[in-house]
Colleague: 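This is the structure I have questions about; it appears just below.
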Amino acid sequence: MFEALSERFDGIFARLRTRGRLTDAMIAEALAEVRDALLEADVNFTVAAAVVARVAERCRESELSKSLTPAQQVVKVVNEELVRVLGGETLHIRYAATPPTVVLLVGLQGSGKTTAAAKLARWFKQQGRNPLLVGADLQRPAAVEQLRVLASQAGVGMFSDPVDPVATAAKGLDEARRLGRDVLIVDTAGRLTIDEDLMDEVARIESVLSPQYTFLVVDAMTGQDAVATAEAFNAAVGINGVILTKLDGDARGGAALSVKEVVGCPVAFASTGERLADFDSFYPDRMASRILGMGDVLSLIESAQREIDHDVAESTVAKLRRGQFDLDDFLQQMQQIKKMGPLSGIIGLLPGVPKEIKNAKIDDKDLARVEAIIRSMTPAERRDPVIVDGSRRLRIANGSGNAPGDVSNLLRQFREAQQMMLKQLGVGGSKAGGNKAASAKGSKSKKRKGGRVTPRSSKNLARNTSDTGRSMDGFGDLEQLAKQERLGAGAGWPTPGWRSKP
Amino acid sequence: MVPLIVTLAVVVVALSLTAALLIARGRARRGTLSSGDQPTPRPAESPPTPPGAAPRPTESAPEPPIATPRPLATQEGQAEPPRLRDRLGAARKMFAAYATSVLARGSISSETWAELEEALIRADVGLKTARKLLADLRDQVTSGAVTTPADLMAALETLMGDTLRRVSGDSSLAFEPDTTNVWLFVGVNGVGKTTTIGKIAAREMASGRHVVVAAGDTFRAAAIDQLELWAKRAGAGFVRGLPGGDPSAVIFDAVQHAGARGSNLVLADTAGRLHTKANLMEELKKVRRVAERPPGKVTEVLLVVDATTGQNGLAQAREFTSAIGVTGVVLTKLDGTAKGGIVVAIQEELGIPVKLVGLGEGQADLVEFDPEAFVTAMLH
Ligand SMILES: Nc1nc2c(ncn2[C@@H]2O[C@H](COP(=O)(O)OP(=O)(O)OP(=O)(O)O)[C@@H](O)[C@H]2O)c(=O)[nH]1
Ligand SMILES: [Mg+2]
């Protein structure tokens, strides 16, 4: 799971083999790579330096020099350090003895406060509370209207008085008391930290409300400025929780680390989509992997949960194992994958994918070409491409607007891919300790009729796809990983859900 | 095509496995959790507009009973637009520290280089672009063209200025007199698309163009109202659809409406979307296709980028460009503490020019991108 960062170390520690001793220079180089990785993930410069310094300390102390795999060791230390910073104390909502419990949301313009307010209201409602939303953003045109619409979607009451933000907040508090609401969530206008008047205004709102919780709303795409923002808001109103938004994109999210390091209080919630339900607790371990570019498998799984049909997936695996995965299945899979976003983005999230594939230039337009070729084939041809002879090839080529060479290329590659997929699944005994059921099922495939891939032919894989075949060995642990995740799920592994942090 | 098929195969196996093993569980959980929820799903594909939902142009809808924005100092009766340099006062301070430190050294040392790299990274220029710029400077030092720290600072300023001017020298927006020009505004959520349209509408109206503003964000709650207020302030025409309706239908209507009235400029708002969402990027492509129908012609596709954006800005620019061909960047919120250096990387990697800069929430807080001022603000 740690390839992305350890790949960076390849060159550095490769010299170990020739020289046999780990030098300070090597460690320094590795640490410089760590720093670069953090900076590329938008971790603030100062924060990155602090993290690297702590990692350096631990690397010196630790058994790094004795370790046979110093690269893995460094990665492990870095990962632990990030999880430590991101994790730590978790947020327990403590409700006020005299209701309402007041929650104030602050942040820059466009960070996602209004949506977060509504999501939070829905969340409290699911906790059995009875929240009231207050729209104190009188600045942005139609912000109050936006909150009104979202509040009704969440089935939560909403109050605003378009005169003055501070007065609105105060009246909202009275209103909550009058209506007997036990939670009050106040949305405020986005503001720049250098705008003294507006910072003063938000401080006055804070003192009028004396909120139990003041959450800073931070866009996951934020760059270096995250620290300045967090510091300023913390100084003005005192932050005791962070809500990270727009995590459903592909930003590495170093801002999470920066903000956490600066304000020191927990990241309370993560916002992962535009629907009100896309709101979740925050998982430090996932965030650490994401920042280190180690593939956010769990996010990928969630995306798959949304987009991929479970029955189709199951039958695909079964077909793959039996070696019966044909071009029709391939086409169907392509459709599902396309729904999840650009291919390069998906690959980026997959752990352990060989470098050759990660680095390959992928143009989603080529997908369309592949699709066109397959669509120009008859069902019989898709089932059994062996029957594609010269004249059929020409017809397919013409039908899809490609050259006959493209068609044979595709068919040849598909044959290789079929074999590779079998290998990935551990069918044909190539994977020691692989899934027993898979091997058992796989052996049944020997009975199948000709023309398809057999376990025997899959043994020739390394030769057939010598350029990619070898690197494939690094892959294939996904099943293992997915299983761990499933086992872990029963044992308290964090799963998406509506619940307060343990 | 080799990598593509192999890649697909890898992805197929990986996803099928995880999906087969895990989805059942996820479903069950989600199912119970989302009960009682009324999400407003965004359409996976834009459905054809039902006849009843046809967008209708409104010229004089009553003022909706919503908050009026606090008047800004720069907004009312302002003769002169704000100047980039003046508004970047706060941003200057930080960089000044580096400049001072670099200049304080008698000679160019390894610390000098480290400090310059740090300064560029803190401005969100990104490692790759920063190193490219510094490598260029090193050559100048090696060749003897630059010898003192003061020269070095000046050389960096010149280098960045020249680099930016090469692509972003001309900040005018394309306009063809004999058609209905459509300027499309796109970007991720919350970057300032709608506000920028409000500002540009005012600017173009002031320069004598007849502007129609199209409320292409039918998704976000109250987005239509927000844009309508901006259109009113600018005195521009306004075409809206129904919330939840087909955005391309709204744009189509706006173009037809503008054509019929002899308006020659349509400013098309779109809902914020993450560039990773394939269905939403498809929706944009359709918007663009529809906007091209006569008499419409898309003459600008402006990607709005928030100055606080980090390295993800590059991915945004790449994906929006590959989907609908971005012609320029509008950099917003440069009135804050963020430096917006990501636009340097966007320009360097993708060749997309920066055209305009947003400097506040008022109607007049928009200026043309000025490479010199931008660099000066960064380096002093
Ligand atoms: N300080 C500052 N704020 C800005 C600027 N441009 C926009 N904003 C603010 O940023 C927030 C978001 O702006 P919008 O125009 O609603 O952004 P959008 O991209 O249309 O947002 P969505 O439609 O929700 O995706 C608002 O509060 C704006 O007032 C700017 O240049 N400076
Ligand atoms: Mg908008």
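Atom set for the values below is all heavy atoms of this structure, side chains included, hydrogens, waters and symmetry mates excluded.
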Colleague: Let me know if A:R191 has heavy atoms under 4.5 Å from chain B in its side chain, its backbone, both or neither.
Modeller: neither
Colleague: Counting only N and O atoms by type, is there a donor-acceptor contact under 3.5 Å from the side chain of B:R240 to the main-chain atoms of B:F238?
Modeller: no
Colleague: Side chain, backbone, both or neither: which part of B:Q316 has an atom under 4.5 Å from a heavy atom of chain A?
Modeller: side chain
Colleague: Which one wins on heavy-atom pair count under 4.5 Å against chain A: B:P243, B:A221, B:A222, B:A315?
Modeller: B:A221
Colleague: Checking B:R318 against chain A: side chain, backbone, both or neither under 4.5 Å from a heavy atom?
Modeller: neither
Colleague: Are A:D406 and A:R369 close enough for a salt bridge, meaning some N to O gap below 4.0 Å?
Modeller: yes
Colleague: Counting only N and O atoms by type, is there a donor-acceptor contact under 3.5 Å from the side chain of A:D42 to the main-chain atoms of A:A255?
Modeller: no
Colleague: Top residue by heavy-atom pair count (under 4.5 Å) with chain B, among A:T229, A:T222, A:D225, A:L108?
Modeller: A:D225
Colleague: Which bit of A:D329 comes within less than 4.5 Å of chain B, counting heavy atoms only: side chain, backbone, both or neither?
Modeller: neither
Colleague: Tell me, side chain or backbone of A:T46 under 4.5 Å from chain B's heavy atoms, or both, or neither?
Modeller: both
Colleague: Check B:E361 with A:R140, please: is the shortest side-chain N to carboxylate O separation under 4.0 Å?
Modeller: no
Colleague: Between A:A251 and chain B, which part of the residue has a heavy atom less than 4.5 Å away: side chain, backbone, both or neither?
Modeller: both
Colleague: Please classify the contact between A:T193 and chain B as side chain, backbone, both or neither, with a heavy-atom cut-off of under 4.5 Å.
Modeller: side chain
Colleague: Please name the pair of heavy atoms, one in A:A189 and one in A:Q139, separated by the smallest distance, quoted to 0.1 Å.
Modeller: CB-CB, 3.6 Å
Colleague: Checking side chain to side chain contact (heavy atoms under 4.5 Å, CB included) between B:W230 and each of B:T195, B:T196, B:D269, B:I197, which is the one that passes?
Modeller: B:T195
